[in-house]
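What follows is a short report on a single structure.
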2 protein chains.
Amino acid sequence: MADQSKTRMTNQRSLILEELRSLKSHPTADELFIAVRRRLPRISLGTVYRNLQILSKQGTIRTLPDTKGQMRFDGDNARHYHVRCIKCRRVDDLPGRPVVHFEREREGKTNYRILGFKIELLGICPECNEREKPERQGQVRQ
Amino acid sequence: MADQSKTRMTNQRSLILEELRSLKSHPTADELFIAVRRRLPRISLGTVYRNLQILSKQGTIRTLPDTKGQMRFDGDNARHYHVRCIKCRRVDDLPGRPVVHFEREREGKTNYRILGFKIELLGICPECNEREKPERQGQVRQ
DNA sequence: CTGAATGCAAAAGCTTTGCACTAGG
DNA sequence: CCTAGTGCAAAGCTTTTGCATTCAG
């Protein structure tokens, strides 16, 4: 990992990284673009995409798929878990680490070569929860 | 759930559903379109998308985000878990159910209203594994 | 200096949508 | 019948890419 070979730390790249790390919502490329543009008005969306791709290939940042197809980005490449809002789709970090006991024998039943797992909580963020108090409280599945 | 009001079971819809249920790879809309077109050559991609949306709104099928933004669909709406191939991105069902012990107190540390969780294994499917035997065996994170 | 990175704009996916026509119930 | 659903094509989003120019190392 960390393939820094022939990579240049441009002003754009460092601002993108800085902004991504400061945002806690795991922004989409466009949200990040808007944020960075406040400080560097001439930056282009293409540059944001190119940098996000490079940084993620390097292992400096992480990507996570949005529920609706769009990509989201995470400036923290340390192992941690997420809570996802099923209403506004924002993603937050889960403080601490959930203890997961996997039934290891399960893996044997798959003919995949298992490399790891992914887990995240689903819920409604404080803002959305406030916005719609009287709602049915169904369990989310999957 | 199951909002069948004013919904018609057209030939297209039932073929889409049938094909989706028979495919084990959790296909994208386009893969499904190609499959259904073999039986109904005049069907359009738009119809596939519209039906997938309706069926998923009804709760008849499920959607899952692809690692690269695209959507995938699952004809089985019973609770079950998935293994995802990090190479070809196909998704398979995990036989049985993994036992997950969540550290419940964790949820208290989030200000989200927690409704559930999502877990899936990551790995390399038999086909891809065969295709590239001599590779580094890194642990996948997140 | 040199080529990696940028801005711009055009193009390429994937998905949605408007419209006139078809067909399910 | 009546209107949900269809095929087709156009439009909408998100993301990628070609190209001349800029700038980091």
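Within every chain, numbering begins at 1; the chains are lettered A, B, ... in the order of the sequence lines, protein sequences first and strands thereafter.
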Atom pair CZ/CG of A/Arg113 and B/Leu122 - distance to nearest 0.5 Å
13.0 Å

Name the orientation class of the two ring planes belonging to B/His26 and B/His82 (parallel below 30°, tilted from 30 to 60°, perpendicular beyond 60°).
perpendicular

Does A/Ser44 put a side-chain nitrogen or oxygen below 4.0 Å from OP1 or OP2 of C/dC8?
no

Between P on D/dA11 and CG on B/Leu45, what's the gap in Å once rounded to a whole number?
18 Å

Taking B/Arg89 for its side chain and B/Thr67 for its backbone only, find out whether a donor-acceptor pair lies under 3.5 Å.
no

Any side-chain N or O of B/Thr10 below 4.0 angstrom from OP1/OP2 of C/dG24?
no

Just N and O in the side chain of B/Asn51: are any of them under 4.0 Å from OP1 or OP2 of D/dT6?
yes

CG on B/Leu52 to CZ on B/Arg13, rounded to 0.5 Å:
10.0 Å

Where the side chain of B/Arg8 is concerned, which of C/dG24, C/dG7, C/dT2 is the nearest nucleotide?
C/dG24

Tell me whether the side-chain N/O atoms of B/Gln53 come closer than 4.0 Å to OP1 or OP2 in C/dT16.
yes

Reckon B/Tyr49 has a side-chain N or O less than 4.0 Å from the OP1 or OP2 of C/dT16?
no

What's the closest nucleotide to the B/Met71 side chain, out of D/dT15, C/dT15, C/dG7?
C/dT15

Net bend of the helix from C/dC1-D/dG25 to C/dG25-D/dC1, end axes of five pairs each, nearest 10 degrees:
40°

What's the CG-C1' distance between A/Leu32 and D/dT14, to the nearest Å?
15 Å

Just by modelled atom types, is the A/Gly59 backbone N or O under 3.5 Å from a matching donor or acceptor in the A/Asn77 side chain?
yes

Would you kindly give the CG-to-C1' distance between A/Asp66 and C/dC14, to the nearest whole Å?
14 Å

Output the rounded distance in Å from CD (B/Gln70) to C1' (D/dT16).
15 Å

Nearest-angstrom distance from the residue atom CZ of A/Arg42 to P of D/dT22:
11 Å

Checking only heavy atoms, does the side chain of B/Arg50 share a donor-acceptor pair with the base of C/dG18 at less than 3.5 Å?
yes

Closer to the 5' end of DNA chain C via nearest nucleotide, is it B/Asn11 or B/Gly69?
B/Gly69

Got a second to check how far B/Arg72's CZ is from B/Asp66's CG, nearest 0.5 Å?
4.5 Å

Check B/Lys87 with B/Glu127, please: is the shortest side-chain N to carboxylate O separation under 4.0 Å?
no

A/Gln58 CD to C/dA4 C1', in whole Å, measures 13 Å

Measuring to OP1 and OP2 of D/dG5, would you say a side-chain N or O of B/Thr7 lies under 4.0 angstrom away?
yes

Roughly, in whole Å, what's the span from CG in A/Leu55 to P in C/dA5?
10 Å

So, is A/Gln12 near the phosphate of C/dG7, with a side-chain N or O under 4.0 Å from OP1 or OP2?
yes

Rounded to the nearest 0.5 Å, the CD1 atom of B/Ile124 sits from the CZ atom of B/Arg90 at a distance of 14.0 Å

Rounded to the Å, how far apart are A/Ile54 CD1 and D/dA24 C1'?
14 Å

Under 4.0 Å: is that the gap between some side-chain N or O of B/Arg13 and OP1 or OP2 of D/dA4?
no

